[in-house]
Every structure is written in structure tokens, then in C-alpha cells.
Amino acid sequence: MATNNREQKYIFVPLKKYSESVLKLQRIESMTGDGVPDVIGTNRKGRGFWLEMKFFESWPARATTAPFRNAFEKGQCSFLSSWNDWKYPSFVLLKVDSEKMFYLVHPSIELKRYNIADVQREIIVKGTIHHIIKYLEELS
């Protein structure tokens, strides 16, 4: 799926800019199959990974709301989960603009149903884009 403009501008551009010396990243714009993530990457250790980028202006006001309910196209969660099952790291890279925060989220097949507390339990890394890059750089 092609990335929307906010994901490109607020996630991919800074990710690419600040990681040039430690990560090799390639945006994927593919119609070859359902669910192909936005980015495939590798670090200098040769450890590959998939990233599906998502942008929220803010978290939903109600704690019971499922923030990812309508965020994924057909097959995206199952694609990421199946690659994770095969030991190929796959993540949802979320930016919540109101917090100026990035989140690297485990792509559970149930992510579309999770409320905010459930999503927060699936967060692997929280912080600036530099925190995300450091985590991806150290994957082995």
C-alpha cells in the first residue's frame, strides 16, 4: 500500500534522514499482494525487518476506543504477524503527533481490536525517532 502524505512526511522522512549511516531502508509501493508493509529495512548486522507506518493526530479521547480499528488495509496485520512468527522482525511504527512521540508496536493479529491500554502493552519502544533507530540498529 502506498504511504499517505502524513506518514511519508512525519515518519519516513525523519527516519530515513537520521538513520542513513546505520539502517538501509526502502519504501515499498506494491500491489503484488495484500498487506505488504510500507518499508523493508536492514541494519549493518544484516538483520532485516518490516515496518508499517501509521500516523495519529492524537490518541482517542475514550480509553475503550480501538485506535487501530480502521487503520489497516486488508491483510496488513496478518502479514506482519506471520513474518514475526518466522522470526523476521516486523513492527508498526506509529507517530502520535500531539505527543511528539514515536512508538514501535508489536503487530499482534488482534491489534485492530485493542483499546488504548491493550495497544500500550504491545509497545516495544517509545520515544523520539532516535530511540526507534537505535532499537532497529541493535536488532540481531
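As the structure is a prediction and not an experimental result, all values here were calculated from the model.
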query: How are the rings of Tyr88 and Trp83 set to each other: parallel, tilted or perpendicular (split at 30° and 60°)?
result: perpendicular
message: With heavy-atom distances below 4.5 Å as the criterion, would you say the side chains of Asp38 and Leu51 are in contact?
response: no
statement: Those residues at least two apart in sequence (or on a different chain) that pass ring-ring contact (aromatic ring centres under 6.0 Å, His included) with Phe49 are none
query: With distance as the sole test, does Asn43 use its side chain to make a donor-acceptor pair with the main-chain N or O of Leu139 at under 3.5 Å?
result: yes
Closest approach of Lys54 to Glu7 (non-hydrogen atoms, all atoms of both residues): CA-OE2, 3.4 Å
task: For Leu93 and Leu15, work out which heavy atoms get closest and say how close.
output: CD2-CD2, 4.0 Å
query: By ring-ring contact (aromatic ring centres under 6.0 Å, His included), which residues pair with Phe72, not counting sequence neighbours?
result: Phe68
query: Among all residues two or more places apart in sequence or in another chain, which pass the salt bridge (charged side-chain N to carboxylate O under 4.0 Å, His left out) test with Lys17?
result: none
- prompt: Is it the case that more than 12 heavy atoms not belonging to Lys45 sit under 6.0 Å from its NZ atom?
  reply: yes
- prompt: Sequence neighbours excluded, which residues qualify as ring-ring contact (aromatic ring centres under 6.0 Å, His included) partners of Tyr103?
  reply: Trp59
query: Please walk me through it: do Phe12 and Val39 pass side-chain contact (heavy atoms from CB on, under 4.5 Å)?
result: CA-CA 9 Å; Phe12 187 72; Val39 177; 3.8 Å; yes
- line: So the salt bridge (Lys or Arg N to Asp or Glu O under 4.0 Å) pairs with at least one residue in residues 56-65 (sequence neighbours excluded) are Arg6-Glu57
- prompt: Which pair of non-hydrogen atoms, one from Lys9 and one from Pro14, has the smallest distance, and what is that distance?
  reply: O-CD, 3.4 Å
- prompt: Side chains of Ser108 and Tyr114: closer than 4.5 Å at any heavy-atom pair?
  reply: yes
query: Measuring from Met101:CE to Ile132:CD1, what's the distance to the nearest 0.5 Å?
result: 10.0 Å
query: Quick one: does Ser78's side chain get under 4.5 Å of Ile109's, heavy atoms only?
result: yes
query: If we only count heavy atoms from C-beta on, is the Pro37 to Gln76 side-chain gap below 4.5 Å?
result: no
- prompt: Among all residues two or more places apart in sequence or in another chain, which pass the salt bridge (charged side-chain N to carboxylate O under 4.0 Å, His left out) test with Glu138?
  reply: Lys134
- request: Kindly give the heavy-atom pair with the smallest separation between Ile11 and Met53, and that separation in Å.
  value: CG2-SD, 3.6 Å
message: Run the side-chain contact (heavy atoms from CB on, under 4.5 Å) test against Val22 and tell me which residues pass, sequence neighbours left out.
response: Ser19, Ile133, Glu137
- prompt: By side-chain contact (heavy atoms from CB on, under 4.5 Å), which residues pair with Arg44, not counting sequence neighbours?
  reply: none
query: Where the side chain of Lys126 meets the backbone of Leu104, is there a donor-acceptor pair that is under 3.5 Å apart?
result: no
task: Group every Ile, Leu, Val, Met, Phe, Trp and Tyr by side-chain heavy-atom contacts under 4.5 Å, then state whether Ile40 and Val13 land in the same group.
output: no
field: Beyond-backbone contact of Pro107 with Cys77, side-chain heavy atoms, under 4.5 angstrom
entry: no
- request: Using salt bridge (charged side-chain N to carboxylate O under 4.0 Å, His left out) as the criterion, list what pairs up with Arg113, not counting sequence neighbours.
  value: Glu110
query: Can you check whether Ile123 reaches Leu94 side chain to side chain, under 4.5 Å on heavy atoms?
result: no
- request: Write out all pairs satisfying salt bridge (Lys or Arg N to Asp or Glu O under 4.0 Å) with one or both partners inside residues 78-96, taking only residues at least two apart or from two chains.
  value: Lys95-Asp97
query: Hey, does Val125 have a side-chain heavy atom less than 4.5 Å from the side chain of Phe102?
result: no
message: Tell me whether Thr42 contacts the main-chain N or O of Lys24 through its side chain, where contact means a donor paired with an acceptor under 3.5 Å.
response: no
field: Non-neighbouring partners of His130 that pass ring-ring contact (aromatic ring centres under 6.0 Å, His included), sequence neighbours left out
entry: Tyr18
Scan the side chains in residues 115-122 for donor-acceptor partners under 3.5 Å anywhere in the protein, sequence neighbours excluded, and list what turns up.
unit_1	atom_1	unit_2	atom_2	d
Asn115	OD1	Ala117	N	3.0
Asn115	OD1	Asp118	N	2.9
Asp118	OD1	Arg121	NH2	2.2
Asp118	OD2	Asn115	N	3.3
Glu122	OE1	His106	ND1	3.4

field: Minimum side-chain heavy-atom gap Val36-Phe79 below 4.5 Å
entry: yes
